[in-house]
Peer 1: 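Input: one structure, supplied below.
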Amino acid sequence: MSIHIQKTEPFTLVIFGATGDLSKRKLFPALFMLFKNGLLNSDFTIVGVGRSERTAEKFRMEVRDSINQFARLQVTDESQWNEFASRFFYAAADVNNPVQYQGIKKTVEEREQALGVKGKGNRLFYLAIAPDLFATVSLNLKKSGLTETAGWKRLIIEKPIGHDYSSAKVLNEQIKQSFTEKETYRIDHYLGKEMVQNIEVLRFANSLFEPLWSHHFIESVQITASETVGVEDRANYYDEAGALRDMVQNHILQMLMMVCMEPPSRLKTEAIHDEKVKVLRSLRRYQEDEIGNYVVRGQYVTGVINGKQVPAYRDEKNVNPESRTETFVAARLYVDNLRWAGVPFYIRTGKRMAEKATEIVIQFKEMPKNLYFNKNNDLGPNLLVISIHPMEGMYMTLNAKKPGSVDEITPVAMEFCNNCEEGTPEAYESLLHDAIIGDQTFFTHWEEVSLAWKFIDPIRRTWDQEKAPMEFYESGSWGPQAAHELLAGQGHKWWPISTQRRHRIVRAREMAKI
Ligand SMILES: NC(=O)C1=CN([C@@H]2O[C@H](COP(=O)(O)OP(=O)(O)OC[C@H]3O[C@@H](n4cnc5c(N)ncnc54)[C@H](OP(=O)(O)O)[C@@H]3O)[C@@H](O)[C@H]2O)C=CC1
Ligand SMILES: O=C1O[C@H](COP(=O)(O)O)[C@@H](O)[C@H](O)[C@H]1O
């Protein structure tokens, strides 16, 4: 990802769903930050599409409001704003109606003509709309002639990509009729997070880690993506999807791939995708009758979050009062290759948990307990903690001599903070920029999508047939007891999440005592 160095070529970005939530909260703020940082070519154009009519002026005001509400920096410089806003246009269209694409085409072509790139403009289509419209739009883009240009054309799609392997495959075939794999950019916003991208650098630019990065020295790996929010206003989608499809199929497996992949032969997109795909091929698939031993599903009941009583999942608006949808998943996974043989990868994700945090903990094997410095049984394992959110950084716990003592041990932490001094780019900033410059490294290849679904589908089937229990957990907790037992059986435990910098050393000490 080359966000700090490479300015884009001229381009037109057509955003389907420009009046929606994703555009307001993520896309417009990201475009504004890229513009402010001088990373967009001055000849860029944004064409917003939605069903309801509005003038370009009104659209620009909405864009401004969303930037002031959601961007890292607000609009303060009027002439800079006018320059930015003058590139925004709007075309009303119902995407189900092929005829209405002509209005979009006219807007795009007029602007390309004005910029002197008639017939050869670069075009990027962003589908910030419901997933069941992805196929229709991509087919209609071709039929309308919008994909015909001597410049490049690209499609950006959001998740979810299907709800299982078969539906994802059908969608992929439909998209392929208009866009090749190289032109298709599947967003997984976790891949745009600074510290997720940093995993590669940490592993492949430090001689310290790579020799230790295997079953010889690593005892286990834990990946947590916990949230304090509930289902919010997305029950219509979420009650069908559940945490397995919503978080594990994409974000959690992407983080697992980044931790496990072999060093790529070159730092090129294809080489990186090849290595990530190999991880999914080695990921042990569980038979339906053994899933209960490895995967736990849970659903939140009422509890207290930030001092406030919150409702049970089944009492949330638009949720089926008898819903069997999981809001929590924990699992013990294995990557059956030479590097990772026997190393458990513990994953967990859930809504209404105790803290909002995304963290990866690499636990190294312990020193032999019967030798040296373990008089009080207080030697802790070395942990490398990669904090992805809300803190961005990493820290390593070590055992050190307690100051002033002869052989007493105390845990210490070496820490790097990635976002302490100034804010780092938001995931969508870096992903939008990559799509505009044509770098697919941090987008999901079709093979990753398909293998991820093949891993997920048997688990989903088992749960749909009620062949594994549903565990209930209190809101504000760290999930159901079964999620702790998953590790306890292996002599492991979930390490406390450490989201606040000032607590870290204290937490490191607590960890050593556990
Ligand atoms: N919101 C978020 O934070 C995230 C969203 N996503 C994904 O992004 C996509 C969009 O989500 P979100 O922004 O939340 O959805 P919203 O419901 O907020 O917005 C939907 C958008 O689609 C437009 N739209 C709906 N039907 C049509 C139609 N027939 N023709 C033209 N436009 C139409 C709406 O415009 P209008 O009503 O004006 O016609 C609106 O702009 C989804 O795929 C979602 O899964 C992914 C990650 C996060
Ligand atoms: O994709 C999704 O991610 C969010 C969590 O993202 P984060 O960047 O805040 O960690 C999750 O709330 C949502 O359900 C899911 O669709």
Side-chain angles (χ1 to χ4, degrees), residues 14-30 47-54 58-59 62-63 66 70 90-101 103-104 125-137 140-141 156-163 171 186-196 223-255 325-329 349-353 355-359 387-392 426-428 431 444 499:
V14 180
I15 303 179
F16 290 90
T19 54
D21 184 65
L22 181 70
S23 297
K24 285 185 192 140
R25 286 198 306 119
K26 301 291 181 187
L27 306 187
F28 301 146
V47 179
V49 180
R51 280 168 301 190
S52 39
E53 294 282 351
R54 53 184 40 69
K58 180 162 186 292
F59 179 50
E62 290 168 356
V63 171
S66 71
F70 298 110
Y90 184 82
D94 181 331
V95 297
N96 293 305
N97 184 346
V99 177
Q100 294 187 5
Y101 286 67
I104 308 172
F125 304 98
Y126 198 124
L127 307 197
I129 48 175
D132 54 8
L133 295 172
F134 290 174
T136 308
V137 178
N140 282 338
L141 280 172
I156 306 184
I157 51 174
E158 279 288 342
K159 59 157 252 224
I161 297 171
H163 54 268
L171 174 60
R186 299 179 193 84
I187 292 237
D188 182 310
H189 78 276
Y190 271 55
L191 288 178
K193 290 183 190 263
E194 277 279 303
M195 287 309 297
V196 173
I223 303 177
T224 297
S226 57
E227 298 188 84
T228 50
V229 293
V231 66
E232 298 178 291
D233 54 2
R234 295 166 71 219
N236 291 338
Y237 151 76
Y238 194 88
D239 206 32
E240 288 293 315
L244 187 69
R245 289 188 178 112
D246 187 48
M247 292 293 290
V248 180
Q249 190 271 344
N250 35 70
H251 310 319
I252 300 271
L253 290 183
Q254 284 295 339
M255 288 190 278
T325 299
E326 78 287 354
T327 59
F328 174 93
V329 178
T349 182
K351 299 225 179 257
R352 288 283 193 229
M353 293 178 66
E355 274 186 59
K356 166 76 184 164
T358 308
E359 222 172 65
S387 306
I388 293 162
H389 183 87
M391 287 293 302
E392 292 175 15
E426 227 274 322
Y428 277 88
L431 292 174
T444 312
T499 44

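Hydrogens, waters and symmetry mates are skipped; everything else that's a heavy atom, side chains included, is used. Please read these numbers as outputs of a predicted model, since none were measured by experiment. Counting starts at 1 for both ligands and their atoms, in listed order.
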Peer 1: What residues sit with at least one heavy atom under 4.0 Å from ligand 2?
Peer 2: K159, H189, Y190, K193, E227, R234, D246, M247, H251, K351, K356
Peer 1: Verify whether one side chain among Y90 and E53 offers a donor that lies under 3.5 Å from an acceptor in the other.
Peer 2: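 Judged by distance alone, the side chains do not pair up.
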Peer 1: Does one side chain, of T444 or D188, offer a donor that lies under 3.5 Å from an acceptor on the other?
Peer 2: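 No, because no side-chain N or O of T444 sits under 3.5 Å from a partner of the opposite role on D188.
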Peer 1: Write out each pair where an N or O from ligand 1 and one from the protein are under 3.5 Å apart, with the distance.
Peer 2:
{"from": "ligand 1", "atom 1": "1 (N)", "to": "D21", "atom 2": "OD2", "distance (Å)": "2.8"}
{"from": "ligand 1", "atom 1": "3 (O)", "to": "R25", "atom 2": "NH2", "distance (Å)": "2.6"}
{"from": "ligand 1", "atom 1": "13 (O)", "to": "D21", "atom 2": "N", "distance (Å)": "3.1"}
{"from": "ligand 1", "atom 1": "13 (O)", "to": "L22", "atom 2": "N", "distance (Å)": "2.8"}
{"from": "ligand 1", "atom 1": "18 (O)", "to": "D21", "atom 2": "N", "distance (Å)": "2.9"}
{"from": "ligand 1", "atom 1": "29 (N)", "to": "D94", "atom 2": "OD1", "distance (Å)": "3.0"}
{"from": "ligand 1", "atom 1": "30 (N)", "to": "V95", "atom 2": "N", "distance (Å)": "2.9"}
{"from": "ligand 1", "atom 1": "35 (O)", "to": "T19", "atom 2": "OG1", "distance (Å)": "2.9"}
{"from": "ligand 1", "atom 1": "37 (O)", "to": "R51", "atom 2": "NH2", "distance (Å)": "3.1"}
{"from": "ligand 1", "atom 1": "38 (O)", "to": "T19", "atom 2": "OG1", "distance (Å)": "2.7"}
{"from": "ligand 1", "atom 1": "38 (O)", "to": "S52", "atom 2": "OG", "distance (Å)": "3.3"}
{"from": "ligand 1", "atom 1": "39 (O)", "to": "R51", "atom 2": "N", "distance (Å)": "2.7"}
{"from": "ligand 1", "atom 1": "39 (O)", "to": "R51", "atom 2": "NE", "distance (Å)": "2.7"}
{"from": "ligand 1", "atom 1": "41 (O)", "to": "G17", "atom 2": "O", "distance (Å)": "3.4"}
{"from": "ligand 1", "atom 1": "41 (O)", "to": "T19", "atom 2": "N", "distance (Å)": "3.3"}
{"from": "ligand 1", "atom 1": "41 (O)", "to": "T19", "atom 2": "OG1", "distance (Å)": "2.6"}
{"from": "ligand 1", "atom 1": "41 (O)", "to": "G20", "atom 2": "N", "distance (Å)": "3.0"}
{"from": "ligand 1", "atom 1": "43 (O)", "to": "I129", "atom 2": "O", "distance (Å)": "2.7"}
{"from": "ligand 1", "atom 1": "45 (O)", "to": "K159", "atom 2": "O", "distance (Å)": "3.1"}

Peer 1: Between K159 and D246, does at least one N-O distance fall below 4.0 Å, as a salt bridge requires?
Peer 2: yes
Peer 1: How would you list, by chain and number, every residue that makes a salt bridge (Lys or Arg N to Asp or Glu O under 4.0 Å) with E62, sequence neighbours excluded?
Peer 2: R54, K58
Peer 1: I129 and L22: side-chain contact (heavy atoms from CB on, under 4.5 Å), yes or no, with the steps?
Peer 2: CA-CA 9 Å; I129 48 175; L22 181 70; over 6 Å; no
Peer 1: Please answer whether the main-chain N or O of T228 pairs with a side-chain N or O of R352 as donor and acceptor at a distance below 3.5 Å.
Peer 2: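 Yes: the side chain of R352 pairs with the backbone of T228.
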Peer 1: Taking E240's backbone N and O only, do any of them form a donor-acceptor pair with R245's side chain (distance below 3.5 Å, no angle check)?
Peer 2: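 Yes: the side chain of R245 pairs with the backbone of E240.
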Peer 1: Between H251 and Y190, what is the ring plane arrangement, given parallel below 30°, perpendicular above 60°, and tilted in between?
Peer 2: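 H251 vs Y190 ring planes: parallel.
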Peer 1: Which residues satisfy the ring pair (Phe, Tyr, Trp, His ring centres under 6.0 Å) test with Y428, sequence neighbours excluded?
Peer 2: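 With neighbours one apart ignored, the set is empty.
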